[in-house]
Protein chains: 4
Amino acid sequence: MSTPHSRRGNTRQRIQDVALGLFSEQGYEKTSLREIAEELEVTKAALYYHFKTKEDIVISLFEDLRGPIDELITWAEAQPRTLATKQEVIRRYGASLRDAEPLFRFMQENQATVRDLAIGNTFKERMHTLFGLLREPDAELTDQVRCLTALFSIHAGMFAMQNLEGDPEEKRKAILEVATELVTAANPPNRRPARPDSAQTVSP
Amino acid sequence: MSTPHSRRGNTRQRIQDVALGLFSEQGYEKTSLREIAEELEVTKAALYYHFKTKEDIVISLFEDLRGPIDELITWAEAQPRTLATKQEVIRRYGASLRDAEPLFRFMQENQATVRDLAIGNTFKERMHTLFGLLREPDAELTDQVRCLTALFSIHAGMFAMQNLEGDPEEKRKAILEVATELVTAANPPNRRPARPDSAQTVSP
Amino acid sequence: MSTPHSRRGNTRQRIQDVALGLFSEQGYEKTSLREIAEELEVTKAALYYHFKTKEDIVISLFEDLRGPIDELITWAEAQPRTLATKQEVIRRYGASLRDAEPLFRFMQENQATVRDLAIGNTFKERMHTLFGLLREPDAELTDQVRCLTALFSIHAGMFAMQNLEGDPEEKRKAILEVATELVTAANPPNRRPARPDSAQTVSP
Amino acid sequence: MSTPHSRRGNTRQRIQDVALGLFSEQGYEKTSLREIAEELEVTKAALYYHFKTKEDIVISLFEDLRGPIDELITWAEAQPRTLATKQEVIRRYGASLRDAEPLFRFMQENQATVRDLAIGNTFKERMHTLFGLLREPDAELTDQVRCLTALFSIHAGMFAMQNLEGDPEEKRKAILEVATELVTAANPPNRRPARPDSAQTVSP
DNA sequence: AATGAATGAGGGTTCATTCAT
DNA sequence: AATGAATGAACCCTCATTCAT
């Protein structure tokens with residue numbers, strides 16, 4: 001079962017798994033290919049048979065995420081730009097994240113690295129597109145911030161709350177609830193009477 | 001002004017400045033001491049005259065922040081645990097961040113690194129303490145999330161909004177406003193009617 | 001014509017062609033088997049089906065040249081050691097070179113490599129034998145140099161003149177003419193009145 | 001005298017010496033920095049203190065040659081374009097070569113490498129300039145070949161004759177003599193009667 | 001006739017760090 | 001207050017080669 005032979009055929013997958021684990025645990029730069037190879041009990045050179053560079057491993061990891069998020073964007077763009085749609089975007093985005101938690105942890109904690117990893121920009125764009133789907137361009141600044149915060153609370157929340165007591169699934173729900181609230185508040189039904197209570201920013 | 005002579009005596013400071021700049025621009029691991037030294041037009045060895053290790057430079061950077069935040073904590077702990085106090089905590093925290101923006105950007109984008117940098121834990125604890133000052137331990141999970149999100153929106157918002165149009169100072173204000181709202185919502189005056197309507201925040 | 005099917009049976013030849021092309025373009029060490037395989041759209045392992053080692057590919061290339069040159073030597077040794085014979089040696093040698101230009105370019109530009117490639121010595125010996133056929137052992141040093149230069153001008157000339165304007169075939173002719181002149185000058189008909197002006201080398 | 005201490009200050013020079021030795025003995029690609037470092041009893045990293053890259057070592061070696069050859073070119077360009085000048089060019093060029101024999105051997109035997117070493121082109125240009133100083137642009141093709149051959153015989157001759165018996169200095173003289181002859185033959189005094197007899201060079 | 005998967009050795013390069021001066 | 005010279009460890013990556021299939 002675990003002889004060199006029986007492993008054939010799934011090495012690529014195993015590399016991805018181990019790499020993601022280590023990258024998200026220790027950071028990208030601090031994880032060496034030697035380390036990955038050792039944990040897999042293969043040689044570094046074996047990694048290079050499956051991936052052209054270290055960066056290529058990361059790229060392949062991101063590819064798994066691309067699909068779901070692109071689908072989400074495509075779906076949202078086809079919907080009417082209503083509050084209900086936006087709330088559903090939040091919900092679905094949260095679901096995507098749950099399935100890709102380690103990868104998001106990696107992104108979250110290695111932003112400086114991801115930033116110039118080429119794939120990084122791709123992702124930033126996706127985020128910006130999502131943001132564009134939630135906000136109204138002519139809305140007040142505070143509303144824009146609400147939408148952004150909604151998005152980020154999903155990202156950050158997941159990891160920040162790991163230390164907190166409580167059932168993970170319930171925490172997830174709570175995060176989504178708050179994010180939904182934020183989006184809701186940012187998209188008032190009538191649009192004119194810009195939340196009477198809201199900040200003293202505009203209006204007399 | 002910038003002759004070798006006029007630099008006398010402030011090299012330590014200059015190292016910190018350049019290091020912080022590069023760390024927050026490129027990330028900690030990707031910034032080498034050689035790079036720092038070159039930008040300062042001194043030798044690497046000179047850095048070691050002023051700092052014992054690379055990590056020591058980071059530590060010294062964090063020290064500038066320690067004071068203000070410790071003061072904030074001390075102050076808050078001496079206040080009554082009211083909503084007003086919590087709102088003031090948010091306000092003051094936001095102010096601290098503005099003064100230390102590059103350092104926070106560095107923290108934000110190099111979490112994986114900062115995490116095992118010893119000083120990292122110190123900071124995490126501070127954050128946790130701040131969090132403890134905002135939340136009510138027996139509050140509902142969503143309220144806890146609100147407080148956490150308030151804190152994070154201050155962190156993340158600053159950088160995420162750099163791409164957004166608009167006057168920086170106004171954006172800052174908007175972020176603080178949303179954060180304040182979140183804390184406010186998380187600390188309802190009466191405590192019973194756990195806002196089902198949410199967001200509408202204040203009201204009599 | 002170039003479908004996988006039509007290639008059947010001539011892979012060995014194709015490897016040689018591509019290898020020679022790359023070796024002479026980029027040098028032996030800088031050309032990897034991966035590169036050769038990729039250009040042929042086969043796997044590296046396929047190369048090993050046809051050749052035992054990388055060096056073996058080179059050896060096989062040289063083998064094509066061995067024949068013609070050995071014939072030339074055999075022929076020359078059977079002739080009377082006259083000037084006419086020597087001139088014909090030059091002519092024939094030049095002809096061999098034209099047919100094997102890339103291989104000679106490879107030799108010329110990778111001497112350091114060829115030198116310890118085993119086949120290298122074989123070739124050096126052939127060259128020395130040719131040299132022996134042109135020169136008179138008891139001739140003056142300058143005459144020996146003339147013969148050597150004749151040989152080299154054929155080698156080097158071909159490549160050095162690539163940058164020069166002019167019809168390739170005419171350039172070839174010009175090179176051969178000069179080489180012939182050199183050999184002629186090195187083998188004076190009478191032998192005694194060794195160019196009165198020439199070096200003070202021998203003398204009575 | 002040979003303690004780590006007494007070596008101080010001349011390491012750079014020692015690296016150049018050892019590197020040139022090994023490069024010209026074994027070839028550039030086959031000489032590893034480890035090898036150079038070991039022969040010097042320093043670490044590879046020490047090499048990088050003195051030279052930015054492996055290529056940089058080669059460049060530094062070529063720099064020693066640049067001066068003399070540039071001087072030669074400058075001098076020649078200031079002279080009248082007579083046969084005597086050209087003969088003197090050959091003489092001086094030969095002298096330069098003697099002082100830089102190992103480097104020329106390296107160039108000669110690693111052309112494929114030198115070709116894409118950046119400095120390689122620089123040198124090729126110098127050679128072309130020298131060639132331009134010897135030949136008459138409107139001369140017949142054979143005369144052009146004579147000039148080129150003159151230049152090459154100096155290069156190649158040096159190494160090719162190493163295997164030949166005889167005093168090195170005398171061999172050098174012989175080579176120069178032949179090269180001079182070639183240049184002389186390529187620049188007939190009267191210019192019209194394009195020597196059909198050639199080679200007999202001098203004559204009264 | 002050729003592939004897929006892997007290896008072991010080694011490549012050049014960079015790093016944080018040290019220490020005598 | 002700072003330098004010049006060097007180290008040791010590690011890095012990512014590439015190579016020629018092997019072998020079961």
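Quick caveat: nothing in here was measured; it's all calculated off a predicted structure. Sequence lines set the chain letters: A, B, ... in the order given, protein chains first and strands last, and positions in each chain run from 1.
- Candidate nucleotides dC15(F), dA6(E), dT18(F) were compared by shortest atom distance to the side chain of T11(A), and dA6(E) ranks first.
- Y49(A) has no side-chain polar atom (N or O) that falls below the 4.0 Å cut-off from OP1 or OP2 of dA6(E).
- In summary, of the residues considered (E29(C), K54(C), E109(C)), a side chain to side chain contact (heavy atoms under 4.5 Å, CB included) with F23(C) occurs for K54(C) alone.
- Nearest-nucleotide positions on DNA chain F for A45(A) and K44(C) put A45(A) closer to the 5' end.
- When the side-chain nitrogen and oxygen atoms of Y48(D) are compared with OP1 and OP2 of dT13(E), one or more of them lie within a distance under 4.0 Å.
- For the pair K30(A) NZ and dC12(F) C1', the interatomic distance rounds to 18 Å; values are reported in whole Å.
- Protein atom CZ of F51(B) is 14 Å distant from nucleotide atom C1' of dA1(F), rounded to whole Å.
- Comparing dA6(F), dC12(F), dA2(E) by their nearest atom to the side chain of S32(A) picks out dC12(F).
- Summarising the geometry of S60(A) relative to Q16(A), their closest heavy-atom pair is OG-NE2, 2.8 Å, with the distance given to 0.1 Å.
- Taking atom CG of L47(C) as the reference point, atom P of dC15(F) lies 13 Å away to the nearest angstrom.
- Put simply, CD on E38(A) is 13 Å from P on dT7(E), counting in whole angstrom units.
- Checked against dT17(F), dA2(F), dA6(E), the side chain of A46(B) finds its nearest nucleotide in dA2(F).
- Side chain of L33(D), nearest nucleotide from dA5(E), dG4(F), dG12(E): dG12(E).
- Taking every side-chain heavy atom of V42(D) into account, dT7(F) is the closest of dT3(E), dT7(F), dT17(F).
- Ion pairing of R34(C) with E38(C) is present here, as a side-chain N (NZ or NE/NH1/NH2) and a carboxylate O approach within less than 4.0 Å.
- Applying the Watson-Crick and G-U wobble criteria (two distances, each under 3.5 Å), dC19(E) pairs with dG4(F).
- Between Y28(D) and R12(A), the one whose closest nucleotide on DNA chain E sits nearer the 5' end is R12(A).
- Contact annotation: side chain of K54(D) to base of dT13(E), donor-acceptor pair absent below 3.5 Å.
- Counting only distance, with no hydrogens or angles, the side chain of R126(C) and the backbone of N121(C) share no donor-acceptor pair below 3.5 Å.
- Contact check, R34(C) against dC15(F): a side-chain N or O comes under 4.0 Å of OP1 or OP2.
- If you measure from atom CG of L40(D) to atom P of dT7(F), you get 10 Å, rounded to the nearest angstrom.
- Nucleotide dA6(E) holds its P atom 13 Å from the CD atom of E41(A), rounded to whole Å.
- In terms of position along DNA chain F, the nucleotide closest to E29(A) lies nearer the 5' end than the nucleotide closest to the other residue of the pair E29(A) and K52(C).
- No donor-acceptor distance shorter than 3.5 angstrom exists from the side chain of T31(B) to the backbone of Q26(B), with no hydrogens or angles considered.
- When each of dG4(E), dT17(E), dT18(F) is scored by its nearest atom to the side-chain atoms of T53(B), the top-ranked nucleotide is dT17(E).
- The interatomic distance linking I57(D) (CD1) with dG11(E) (C1') rounds to 14 Å, in whole Å.
- Dashed line: the shortest gap from a side-chain N or O of H50(D) to OP1 or OP2 of dG4(F) is not under 4.0 Å.
- In this structure, R14(B) places its CZ atom 9 Å from P of dA2(F), rounding to the nearest Å.
- The environment of K124(A) atom NZ is sparse: at most 12 non-hydrogen atoms of other residues, nucleotides or ligands sit within 6.0 angstrom.
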